[in-house]
Trainee: 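Below is the structure I would like to discuss, written out as structure tokens.
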Amino acid sequence: MKNRIRGLFTLFLALSFLFAFSGLAAAQEIKIGGIMDTTGATSDVGKDYAIGMEEAFKYINEQGGVNGKKVKYTWFDYGYRIPEAITKYRLLKRLGVVAVQGWGTGDTEALSPTVNKDQMPYVSASYSAHLTDPAKTPYNLFFSSDYSTNARSALTAWFDKKWPTKKDYGKRKPRLACSYMFASPYASAPIKAIKDHATMLGFEIGDDQDVSLFALDTKSQIMAMKQFKPDVVWHGNTTMSVAATMRDAFGLELGADHIMNNWALDENLPRLGGEAAEGAIGATPCAFYGQSYKNMDIVVASAKKYSPGVPQEKRLIRTIQAWANALVLWEALIRADKAGDLSGQGIMKKGFESLRNFDIGLGASPVTYTPTDHRPGTGCLIQEWKGGKFQELSRVDLKQRWPEKWGKDWLGW
Amino acid sequence: MTKRLALIVSMIFIAAVALGACATTGKPTAANFKAPKVTLVSFEVPQYDEYWYFAASVKPTKGKAGDRGAFLPMSFLFDVGNPNDFPVLLEGITYTVAFDKDFEVITTNINDSYWIPANKTSQVRVSTLVTVRSALTGLLLANAPALKQRGWDAWGTLEKWWTGVPDLSVPVTVKNAAFTFKADGLIKVVPFEATVP
């Protein structure tokens with residue numbers, strides 16, 4: 001009898017320990033940081049991205065997190081100011097994050113040496129091609145085609161689909177002009193690439209026009225462009241200033257088509273640009289909010305569930321971009337965790353760099369990262385705002401079309 | 001033998017009390033998880049540094065030059081009432097602050113956790129800030145259409161806000177807010193919007 005009581009008591013203690021430790025196991029969490037712009041020079045596109053990212057991590061946790069480990073996502077607004085981004089990165093590191101969801105080109109490139117030294121996987125909303133060569137930036141990543149690929153793809157699509165419809169086709173070289181903020185690392189990142197591409201395709205290239213990200217009046221730049229008479233203008237800024245430039249181009253009868261980077265082509269462009277936005281062509285690394293693609297139902301349901309106060313009509317493609325980056329990181333964490341290595345190097349090598357044609361849905365191209373190439377995709381979907389909706393113009397695959405240049409010449413710029 | 005019996009009875013009694021205590025708190029389910037009630041109790045500017053702005057071209061007495069303006073810290077006090085028979089965890093708040101109703105000046109969040117006891121109301125204080133520079137950026141970008149629509153100019157609007165928000169002659173709105181509550185793995189997000197005064 002005495003032994004039985006001892007046995008019962010031992011069982012009681014064992015169960016107590018079991019409950020205590022299962023509580024600890026449940027409390028295990030993976031910390032992820034976020035550096036977002038909800039008040040700065042790119043807040044017109046940054047706010048929706050920040051909200052979308054938060055919704056994505058809430059969804060991820062409701063799906064069990066990373067192999068049962070909860071994700072603790074902590075984000076800050078840095079106002080698109082590089083010193084603030086550096087301060088916030090240091091804070092996140094002190095908080096023990098294992099990876100960071102970052103934002104702009106200037107801050108991501110400024111932080112790149114630090115994150116690479118720290119071996120901190122840094123998934124950014126900057127798709128600068130400067131971040132795609134692992135020999136130089138081994139811990140920088142993003143899901144999207146890079147800006148240079150976007151620019152080359154947009155110009156290729158225009159050259160293939162629009163130039164042959166012009167009256168001067170076959171009579172002279174097509175003319176390209178670039179409109180962007182010279183001092184903006186984001187806006188200037190793909191300029192060298194698009195000019196290289198234009199030269200390769202036989203374009204004549206006009207003078208660049210310096211247009212601020214805050215520009216509301218661009219008449220002087222349009223007047224300068226009119227002297228060159230471009231057939232197509234590359235817009236490297238974000239939605240607000242591109243809409244203003246397109247309005248002025250329309251009003252002053254520039255007569256050119258407009259192609260643009262992905263941060264200009266969104267649901268707000270036609271709202272702000274009005275009839276001037278008709279025919280806008282741009283790189284779209286993923287679907288627009290609510291378009292019928294795999295996993296879009298999850299994104300829309302999560303937006304309604306986790307941000308019920310934000311009107312659906314205000315949601316943008318930026319939400320989808322945030323989700324795409326979150327889903328790529330989630331998959332990398334799951335793989336690294338299964339391999340028992342959630343160190344920065346583990347997340348990179350056993351996570352990200354094990355992805356081969358990983359399908360995140362959302363209209364994005366399948367994602368591949370290798371130890372020698374962090375360009376996630378080989379081309380870009382080009383869409384056009386036409387007749388009141390976004391329509392697919394062309395899906396350009398640069399690697400397929402120029403395999404040698406893609407493989408040898410175009411990595412990292 | 002009597003001691004042994006007493007020990008067994010005691011253990012059963014303790015276990016019963018423990019289980020009973022659990023049972024009386026109620027188990028959250030999707031059906032019985034009622035939305036907590038959020039109310040904005042007060043708003044204040046905890047520190048006021050007036051209205052000023054220096055462009056990057058102005059050399060400062062000390063430190064680096066830059067486009068810098070006065071900070072405007074803002075503090076919001078909320079009542080969070082839990083109508084449930086079980087405690088809920090307020091796990092995060094995401095919200096936007098707007099001046100003059102339409103002009104969104106910051107979207108931000110807090111990830112701090114607060115337990116709200118069953119059938120009790122707790123107070124949660126949330127603080128954030130904007131600067132003349134960040135508000136100016138907003139007026140030139142996301143808020144530019146609203147500014148144009150009202151026929152206001154950016155600098156005049158900023159001065160009005162920096163002098164008017166502290167005494168609430170300019171209305172301050174908390175909008176697009178999402179209060180995320182958890183109970184035993186269940187999530188309930190409560191939307192919130194309020195304007196003072």
Side-chain angles (χ1 to χ4, degrees), chain A residues 1-2 4-5 8-9 12 15 26 31 34 36-48 50-51 54-55 57-59 61-62 72-81 83-84 95 212-216 238-241 243-244 268 271-272 302 304-311 314, chain B residues 1 3-5 7-8 11-12 14-15 18 35 64 66-68 91-97 104-113 128-131 133-145 147-148 154 174-180 182 185-193:
Chain A
M1 185 65 184
K2 196 172 181 179
R4 288 181 75 182
I5 292 172
L8 274 170
F9 195 66
F12 185 76
L15 283 170
K31 292 176 180 172
M36 304 283 138
D37 178 18
T38 61
T39 58
T42 54
S43 57
D44 56 334
V45 289
K47 181 187 154 186
D48 193 59
I51 296 172
E54 188 169 299
E55 291 161 356
F57 281 113
K58 283 180 177 167
Y59 170 80
N61 276 332
E62 281 214 273
K72 173 83 175 169
Y73 174 61
T74 305
W75 68 272
F76 301 101
D77 165 46
Y78 79 106
Y80 206 57
R81 291 179 294 124
E84 182 76 3
L95 292 173
S212 165
L213 288 169
F214 304 109
L216 293 173
T238 53
T239 311
M240 285 295 301
S241 57
N268 274 337
R271 287 174 199 153
L272 297 167
S302 298
K304 289 176 180 171
K305 179 175 181 179
Y306 302 126
S307 303
V310 181
K314 282 198 167 183
Chain B
M1 183 64 190
K3 280 184 183 174
R4 287 172 194 155
L5 194 61
L7 183 64
I8 292 168
M11 283 175 68
I12 291 168
I14 290 165
K64 291 179 186 170
D67 293 308
R68 302 178 203 284
E91 207 185 39
I93 308 169
T94 303
Y95 62 103
T96 295
V97 179
E104 297 179 1
V105 290
I106 188 168
T107 295
T108 187
N109 79 328
I110 58 160
N111 284 316
D112 303 342
S113 298
T128 187
L129 64 84
V130 290
T131 69
R133 177 65 188 175
S134 72
L136 172 66
T137 307
L139 285 175
L140 296 176
L141 279 168
N143 289 318
L147 194 70
K148 193 176 173 187
V174 176
K175 62 194 293 193
N176 299 344
F179 286 67
T180 303
K182 265 193 174 175
L186 296 168
I187 287 182
K188 187 151 298 266
V189 182
V190 175
F192 181 79
E193 179 168 336

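Each chain gets a letter, A, B and so on, in the order its sequence line appears, and its residues count up from 1.
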Trainee: Please report the closest heavy-atom contact between T180(B) and K58(A), naming both atoms and the distance.
Mentor: OG1-NZ, 2.9 Å
Trainee: Under 4.5 Å heavy-atom distance to chain A, tell me which part of T107(B) shows up: side chain, backbone, both or neither.
Mentor: both
Trainee: For Y73(A), does its backbone N or O pair with a side-chain atom of N111(B) as donor and acceptor, under 3.5 Å?
Mentor: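 Yes.
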Trainee: Could you grab the distance from atom OG1 of T96(B) to atom NZ of K47(A), nearest 0.5 Å is fine?
Mentor: 4.0 Å
Trainee: Check each atom of S241(A) against the heavy atoms of chain B and say whether the ones under 4.5 Å are side chain, backbone, both or neither.
Mentor: neither
Trainee: First locate atom CZ of F76(A), then atom OG1 of T108(B), and finally report the distance between them rounded to the nearest 0.5 Å.
Mentor: 9.0 Å
Trainee: What closest approach, in Å, do V189(B) and P308(A) show between heavy atoms, and which atom pair accounts for it?
Mentor: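 Residues V189(B) and P308(A), closest heavy atoms: CG1-CD, 3.5 Å.
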Trainee: To the nearest 0.5 Å, how far apart are CG in L140(B) and CG in L213(A)?
Mentor: 11.0 Å
Trainee: Heavy-atom pairs under 4.5 Å with chain A - which of N109(B), V190(B), T94(B) has more of them than the others?
Mentor: N109(B)
Trainee: Which pair of heavy atoms, one from D77(A) and one from I106(B), lies closest together, and at what distance?
Mentor: OD2-CD1, 4.1 Å
Trainee: Contact part of V130(B) toward chain A, heavy-atom cut-off under 4.5 Å: side chain, backbone, both or neither?
Mentor: neither
Trainee: For chain A, which candidate among G185(B), A135(B), S134(B), A144(B) shows the most heavy-atom pairs at distances under 4.5 Å?
Mentor: S134(B)
Trainee: Is K182(B) close to chain A through its backbone or its side chain, or both, or neither, when contacts mean heavy atoms under 4.5 Å?
Mentor: side chain
Trainee: Kindly give the heavy-atom pair with the smallest separation between M240(A) and A142(B), and that separation in Å.
Mentor: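 In this case the closest contact between M240(A) and A142(B) is CG-N, 4.5 Å.
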Trainee: Could you work out, with side-chain contact (heavy atoms from CB on, under 4.5 Å) as the rule, every residue matching T239(A), not counting sequence neighbours?
Mentor: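 With sequence neighbours excluded, T239(A) shows a side-chain contact (heavy atoms from CB on, under 4.5 Å) to D44(A), V45(A), D266(A), N268(A), L269(A), L272(A), R318(A), given in chain and number order.
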